[in-house]
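These numbers come from a predicted model, not from an experiment. To find a chain, count down the sequence lines: A is the first, B the second, and so on, and within it residues start at 1.
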There are 4 protein chains.
Amino acid sequence: MGKTNKNNLKNKLHEIIYEADTPAGKLFDIVLLIFILTSIALVMLESVSWIDDKYHDILYIGEWIVTILFSIEYIARIITVNKPKKYILSFYGIIDLLSTIPMYLSIFVVGSNALVALRALRLLRIFRVLKLARYLGASNHLSSAIKASRAKISVFLFAVLIASIIFGTLMYLVEGEEHGFSNIPKSVYWCIVTLTTVGFGDIAPQTPLGQLIATIIMIMGYGIIAVPTGIVSAEYTKNANKNDIDKDSKAEKIHLNSQTCQNCLSTKHKDEAEYCYNCGHNLHIE
Amino acid sequence: MGKTNKNNLKNKLHEIIYEADTPAGKLFDIVLLIFILTSIALVMLESVSWIDDKYHDILYIGEWIVTILFSIEYIARIITVNKPKKYILSFYGIIDLLSTIPMYLSIFVVGSNALVALRALRLLRIFRVLKLARYLGASNHLSSAIKASRAKISVFLFAVLIASIIFGTLMYLVEGEEHGFSNIPKSVYWCIVTLTTVGFGDIAPQTPLGQLIATIIMIMGYGIIAVPTGIVSAEYTKNANKNDIDKDSKAEKIHLNSQTCQNCLSTKHKDEAEYCYNCGHNLHIE
Amino acid sequence: MGKTNKNNLKNKLHEIIYEADTPAGKLFDIVLLIFILTSIALVMLESVSWIDDKYHDILYIGEWIVTILFSIEYIARIITVNKPKKYILSFYGIIDLLSTIPMYLSIFVVGSNALVALRALRLLRIFRVLKLARYLGASNHLSSAIKASRAKISVFLFAVLIASIIFGTLMYLVEGEEHGFSNIPKSVYWCIVTLTTVGFGDIAPQTPLGQLIATIIMIMGYGIIAVPTGIVSAEYTKNANKNDIDKDSKAEKIHLNSQTCQNCLSTKHKDEAEYCYNCGHNLHIE
Amino acid sequence: MGKTNKNNLKNKLHEIIYEADTPAGKLFDIVLLIFILTSIALVMLESVSWIDDKYHDILYIGEWIVTILFSIEYIARIITVNKPKKYILSFYGIIDLLSTIPMYLSIFVVGSNALVALRALRLLRIFRVLKLARYLGASNHLSSAIKASRAKISVFLFAVLIASIIFGTLMYLVEGEEHGFSNIPKSVYWCIVTLTTVGFGDIAPQTPLGQLIATIIMIMGYGIIAVPTGIVSAEYTKNANKNDIDKDSKAEKIHLNSQTCQNCLSTKHKDEAEYCYNCGHNLHIE
């Protein structure tokens, strides 16, 4: 009986943490969202020296509150999942761990004088922002269009890189060290800054020949920005059209909910589903 | 009889102010347009110190003329509409009020020495530019394409923001305070400046590692600018296609005029319409 | 008989100058192209002080040679066309006149000390570059796509301008004169520099609040650059598709030549045409 | 028999060098890839003065190892191909030669004091990066979309250039030498920097009128960036659609392999091919 109670509690918790359909689950999501945003704000504000000087104690206490809450969340997630190892080694499992551990480690490092390492360690907390990825909501069209375009865009960016190396070397030769093009890697960097139309202006060609080559690079960059855009746009149109046809042919629309299988963590089960489509685990009773 | 006359006058005014089909209505629109543009020019010129020094009195008088005319327009709009409350609380109602009130308030504030508040107050007049929105003409295709893409572009921009926070923190760690990356918010700001290919150059990476990361950010920015473009482009193509099909199937084209219902402010009535399609109010007689 | 000879000569010249199908016509076009490019180069080089100091005489003589040749061309064009007035008042007629007149006028101005006016006058010669427009070749698809999109892009750019004025005023208020935002017109200028992702960096926000607003402007600019691209892209796709359908339905392809009617200057006559489709003038005999 | 052995060896080598289907061929490709990347890294690092000062000997030895290996590759390629002249004069033949020759020539130049020529000569090695083009993999869709758009984009860029010359001259007149617009070529350079939204900021307009013209240029640049994108996007969509139709109509899919004809260097033979489709040469036996 005690075990059943414990299981009930576990199921209840699982529902709250992993599902967003129940009021409790929604509340949990909103509270978590607020804590993540607060936590990111704390890390950012800490880096602003005058704010850190003035409110150091408040930031430090806030940081510990957030860390402890994230720790509780992490432990709760491990307990309520049937295959904790799978969760721990998953993308979100690692992010959730990284959200808490730097703060605990910082206690031990404080003793030593490895301040730089400490700073880097504490800044690891910024990766908490990835916890937000849970709320991004997979825009299926978009991600499939990007996935379909990935190979082509890679080829394209690779070609851009080759062009940058050649033009960068040319600019190094033409402009030389006295105008800021002090070595080839820096020239290539400048060339990418120009091709992508960012144009910082910290380095800029001074000689007429250098400016002529820069003009060619810019016109090239302006012309070729069309290529990745054209690819994604065409892939997206294709996907959208295909989807429209699919919608027409398939009369019934399957309703999917946000339930997560306790066993294998797979999502997007049908509303009427009793068992996980992926591992056959019973979704409703433990 | 007096009441009928008054109603006739009210109807006449309503026609002039809210409709653009009659000669009087067109004239009203053009005059209003000129006054709005003059008024924006006045606010702008006032901020240029040498112009303000030289022509302060002319600008001040001009400002009062415009304000009084806008006040008359505002009152006329309230009088001629059947449901004044609805107009007052509508977007354009608030803009029309904001176009007059700062000038009147500035008389009272002058007495005190709250100069900064006064400046801010006077600059509120710039929102008069939104009065121009009335003339923008709803390009239906466009706005529906943007509306359809909004959710996806938001997800995309949210992902860009997450990437900016992570890369910004990385740059803060790599470049540090001595190269202008003095705190994380500033680094994130720089990261967005770079990702969007704006590239002011007020802050620029100095270390080779920082420049390498900057290169990655720029190439990323160059590659992902394709995504929102692809989305809008595809949505727009889809809408345009759908519209073409609609046009073919519907043989008759319904002619809509610029008439506005005096009762509920809804527009786009058919030419032959006698009653408002929205509230049933008689469009021609009060 | 003398008149027939003269007419023959006139017809011959008309063919050489206005048509590109005969060998003589082609040669004329190439020679003219070379002279235009030379002339542009001369104007540009003249403005570089060290080149002007060294080779002033050569540039001056070259300039006169080009000017005299352009004058001959202009006169020949007037003589060989049937309706000289129409040519003189046409876009290319005005450009052709502007290509010669500044040089002749400069003789008279030299006497006086109106050096600035002279400089401006001489620089008018740069408009010779528009003579090149004759060779651009109307890419029909392209121009029709742009024409179809023009209204929508105008609305879009107008909306961008309204946003720039509001955000510019906001930045003027937040950053103020001490950070370069010395008046509203300048702030609006900065805002457009940022929105269009140009980002000169001569003015850049210094305060955290200013940088936050700048971030919003940049993200906005990054998101809305998609809009005009989407419009042109969709219009172009639509046009291209329509054209493909047109091509399939119309089996015969009409061959058009580069002949120009001597009477009304209309072009694109069919190969077998005897009379101008526009004015009925006989194309072959005068 | 000796000749057969030699031929066997030659065939074996041809397979390894020119084909990527066999394990030996794959290994050769990977090893070559590593050496190309190493070689590019060496050229780049050599240009960084502090690295060159410290590790000059290592870089120099590494450079010679790479050069000798590339020489062996070049000779092997000539030997194993049936028509060496065709290979030597092909794009990759010239690149392969350029990858080795600068290093050998540098020995002779060292004796003289033509240091600048030497530097330029040694930097020629950067063209080794083009050896990578072999691995780019022809993304057929992409290249055909670009090829189809080339003419239109050229017309477009030509129009951009004409606009840049006119606006550049205007800015030279308005801003003048004192604000960095020291001559027309430089003004045109600035105009292209602005139109392409690069915006270095090394030159920026200072006068109100100059800033107004700059605003027009930027808005123009922002509006017209849509044009090439629209073209490529539409062409790409068209190609993709055409391809989809082609795929449907052609039921069988022909499998092409990476084999290269020893006689005419043509690639993309069918798997079952015995003879080269281009020159009729037997693909399997010499």
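- Residue C/S182 touches chain B through its backbone alone, counting heavy-atom pairs closer than 4.5 Å.
- Counting heavy atoms of neighbouring residues, nucleotides and ligands inside a 6.0 Å radius, atom CZ of B/F35 does not exceed 12 of them.
- With hydrogens and angles left out, the side-chain atoms of B/R128 and B/S39 include a donor and acceptor closer than 3.5 Å.
- Side-chain contact between B/L173 and B/F181 is absent, with no heavy-atom pair separated by less than 4.5 Å.
- With a 4.5 Å cut-off on non-hydrogen atoms, B/I51 does not touch chain C at all.
- The greatest number of non-hydrogen atom pairs below 4.5 Å with chain B, out of C/I219, C/T196, C/D202, C/L161, is found for C/I219.
- Between B/I213 and B/L170 the shortest side-chain heavy-atom distance falls below 4.5 Å.
- Ion pair C/K186/C/E175 not flagged as a salt bridge, since none of the NZ, NE, NH1 or NH2 atoms sits closer than 4.0 Å to an Asp/Glu carboxylate oxygen.
- No part of B/V188 comes within reach of chain C, as not one of its non-hydrogen atoms sits under 4.5 angstrom from that chain.
- If you tally non-hydrogen atom pairs under 4.5 Å between each of C/A204, C/G168, C/A163, C/P185 and chain B, the highest count goes to C/P185.
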